[in-house]
Amino acid sequence: EVQVAESGGGLVQAGGSLRLSCATSGFIFDDYAIAWFRQAPGKEREGVSCISSSEGVSDGSTYYADSVKGRFTISADADKNTVYLQMNSLKAEDTAVYYCAVDAWAVWQQCPRTEDEYDYWGQGTQVTVSS
């Protein structure tokens, strides 16, 4: 059974940083796509960033939404089966519940950006940025 668990959210002042973690288990951390989505109050869930890896096809392909490009960095630690989202220069508009989503045993040249492609989701972690 694939399990996904986010951590690292919290309250931070504008301009500050947080690092979110997405710990996974239940699949071999070789072929996958893992994404971060977020949902702010009263808004639809949106894609933030994703990463995919598949030997011979994609080695750490990443994507960032325009709103976070240059401020957020996604990375993966295969030894820990964990994906991180380093968030710097946080803004009030980054306030949301952040969800990690996994497409396990997946071969992607580029990580998919739509929710429908991800089968396993975490419970979410709240990020609040005070202005």
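- Considering all non-hydrogen atoms of both residues, Ala65 and Gly47 come closest at CB-O, 3.6 Å.
- Between Leu20 and Gly9, the closest heavy-atom pair is CD2-N, 3.6 Å.
- Two different hydrophobic clusters hold Trp108 and Phe29 under the rule that ILVMFWY side chains link at heavy-atom gaps under 4.5 Å.
- Shown here for Ser131 and Ala14, the closest heavy-atom pair between the two residues is CA-CB, 4.2 Å.
- Residue Tyr99 is not grouped with residue Val48 when hydrophobic side chains (ILVMFWY) are merged at heavy-atom distances under 4.5 angstrom, including chains of intermediate members.
- Note: Asp31 CG to Ser53 OG = 7.5 Å, rounded to the nearest 0.5 Å.
- Between Cys100 and Ile34 there is a side-chain heavy-atom pair separated by less than 4.5 Å.
- Of the possible donor and acceptor atoms, one in the side chain of Thr95 sits under 3.5 Å from a partner among the backbone N and O of Val129.
- Taking CG of Leu90 as the reference point, atom OG1 of Thr128 lies at 10.5 Å (rounded to 0.5 Å).
- Side-chain N or O atoms of Glu6 include none that pairs as donor or acceptor with a backbone N or O of Thr125 at under 3.5 Å.
- Val4 and Ile51 fall within a single hydrophobic cluster, where Ile, Leu, Val, Met, Phe, Trp and Tyr side chains are chained together by heavy-atom contacts under 4.5 Å.
- Linking Ile, Leu, Val, Met, Phe, Trp and Tyr residues whenever their side-chain heavy atoms come within less than 4.5 Å leaves Tyr63 and Leu85 in two separate clusters.
- The two residues Ser61 and Gln110 come nearest to each other via the heavy atoms OG-CA, 3.5 Å.
- Put simply, SG on Cys50 and CD on Glu117 are 11.0 Å apart, with the number rounded to the nearest 0.5 Å.
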Practice prompt. Would you sort out whether Tyr32 and Asn81 count as a side chain to side chain contact (heavy atoms under 4.5 Å, CB included), showing the intermediate values?
Written response: CA-CA 11 Å; Tyr32 64 84; Asn81 285 18; over 6 Å; no

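- No donor-acceptor pair closer than 3.5 Å links the side chain of Thr24 to the backbone N or O of Thr82.
- The salt bridge (Lys or Arg N to Asp or Glu O under 4.0 Å) contacts involving residues 38-50 comprise Arg38-Glu46, Arg38-Asp94, Arg45-Glu115, where partners must be two or more places apart or lie in separate chains.
- For the side chain to side chain contact (heavy atoms under 4.5 Å, CB included) test with Val127, the passing option among Leu18, Leu11, Val97 is Leu18; the others fail.
- With rounding to the nearest 0.5 Å, the separation of OH in Tyr64 from CZ in Phe72 is 10.5 Å.
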Worksheet item: Between Ser17 and Gln86, is a side chain to side chain contact (heavy atoms under 4.5 Å, CB included) present by the stated rule, with each step listed?
Response: CA-CA 7 Å; Ser17 298; Gln86 178 67 44; 3.9 Å; yes

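- Both Val83 and Val2 are part of a single hydrophobic cluster, where members link through side-chain heavy atoms under 4.5 Å apart.
- Every pair passing ring-ring contact (aromatic ring centres under 6.0 Å, His included) that includes a residue from residues 109-131 is listed here, sequence neighbours excluded: Phe37-Tyr118, Phe37-Trp121.
- Atom OH of Tyr84 sits about 15.0 Å away from atom OG of Ser49, to the nearest 0.5 Å.
- Put simply, SG on Cys22 and NZ on Lys80 are 14.0 Å apart, with the number rounded to the nearest 0.5 Å.
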